[in-house]
Amino acid sequence: MTPGVRPLVAGNWKMNGLKASLGEIVAMRKAAEAGAVGEAELVVCPPATLISDAAALLAGGPVALGGQDCHPRGSGPHTGDISASMLKDAGASHVIVGHSERRDAYGETDALARAKAEAAGAEGLIAIVCVGETRAEREAGGAVAVVSGQIRGSLPPLSDPRRLVVAYEPVWAIGTGLTPTAEDVAEMHAAIRGLLGEIYGPAGATMRILYGGSVKPANAAELLGLANVDGALVGGASLKAADFLGIAGVCRRG
Ligand code: PGA
């Protein structure tokens with residue numbers, strides 16, 4: 001945790017969730033209102049089809065809503081895409097950009113992630129910008145260099161840093177049950193903190209850096225207790241309110 005920073009726990013539902021799953025979102029709101037989530041700020045990112053319904057269920061409450069991706073343009077001939085302004089209109093305040101699954105499946109680049117983060121910021125959304133190395137890159141000893149390159153390429157240097165969150169997600173840890181050692185997470189987050197200072201100056205010291213990749217209630221306390229780990233981006237364990245709340249519940253303000 002970083003001194004003075006309120007932790008953020010974001011749930012990425014990926015391509016999961018039908019209307020029947022909205023009850024999990026209601027349970028998240030109730031628990032947050034009952035003060036059962038420690039000092040964390042919560043964001044849930046359901047599939048786009050559920051955002052409007054979720055917005056109605058979360059309105060006026062402590063749980064925020066995010067999209068999982070946005071197009072860099074505001075509107076136009078982009079079949080299947082969703083713009084930042086559409087997410088905002090539907091009730092979202094956050095959006096994930098540059099997730100490794102999109103980088104991998106659709107060849108999304110750092111430059112595209114940056115353009116999406118800029119578009120999100122222009123609409124007043126908070127962009128959660130994802131970075132992370134592959135297993136081969138880590139085994140070759142290049143993890144910090146790879147992630148540093150992604151940070152430099154994916155973060156818009158002129159943006160308001162309060163509208164940016166970084167999520168460090170080792171690709172090999174996503175959905176696998178594997179996590180890096182505490183030392184490796186701390187090393188990477190310290191390197192990212194240094195880069196944020198270079199790019200954004202003093203504001204970089206309090207930008208949130210989330211860890212993502214197989215975060216579960218059982219490992220959350222260790223991971224979220226590390227220096228410069230300001231919360232989590234949670235995939236599988238965010239689909240059930242009980243697990244998501246179990247992760248958020250260990251968070252303490254830095
Ligand atoms: P996971 O996914 O928690 O299921 O590993 C994390 C993510 O992809 O954001």
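Note that the structure is a prediction, hence the values are computed from the model and not measured. Remember, it's 1-based here, ligands and their atoms both numbered in the order they're listed.
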Worksheet item: What pairs with E39 under salt bridge (Lys or Arg N to Asp or Glu O under 4.0 Å), at least two apart in sequence or on another chain?
Response: none
Discussion item. With a 4.5 Å cut-off on side-chain heavy-atom distances among I, L, V, M, F, W and Y, is there a chain of contacts connecting I209 to V95?
Written reply: yes
Response to the item:
A student checking ligand 1 against L233 at a 4.0 Å heavy-atom cut-off should list atoms 9 (O)
Worksheet entry | R138 and D184 ion-paired at < 4.0 Å | yes
Fill in: atom 3 (O) of ligand 1: the protein heavy-atom neighbour that sits closest, reported with distance to 0.1 Å
G235 N, 2.8 Å
Fill in: R29/E33 salt bridge by N-O under 4.0 Å criterion
yes
Worksheet item: Crowded around K240 NZ? As in, over 12 foreign heavy atoms under 6.0 Å?
Response: no
Fill in: G175, any N or O under 3.5 Å of ligand 1 N or O
yes
Worksheet item: Hey, does T176 come in under 3.5 Å of ligand 1, counting only N/O atoms on both sides?
Response: no
Worksheet entry | For atom 2 (O) of ligand 1, closest protein heavy-atom neighbour | K14 NZ, 3.2 Å
Response to the item:
Residue, atom and distance of the protein heavy atom nearest atom 4 (O) of ligand 1 read G236 N, 2.8 Å
Worksheet item: Should the pair D110-R103 be classified as a salt bridge under the 4.0 Å nitrogen-to-oxygen rule?
Response: yes
Worksheet item: Is there a donor-acceptor contact under 3.5 Å from the side chain of S214 to the main chain of A173?
Response: yes
Worksheet item: Which ligand 1 atoms are under 4.0 Å away from a heavy-atom of N12?
Response: 9 (O)
Discussion item. So is S214 touching ligand 1 or not, going by heavy atoms under 4.0 Å?
Written reply: yes
Item to complete: Decide whether an N or O pair under 3.5 Å exists between I174 and ligand 1.
Response: no
Worksheet item: Quick one: nearest non-hydrogen protein atom to atom 7 (C) of ligand 1, plus distance?
Response: E169 OE2, 3.1 Å
Fill in: Side chain to side chain, I25 and V63, heavy atoms closer than 4.5 Å
no
Response to the item:
Atoms of ligand 1 under 4.0 Å from any heavy atom of G213, numbered from 1 in the order shown, are 5 (O)
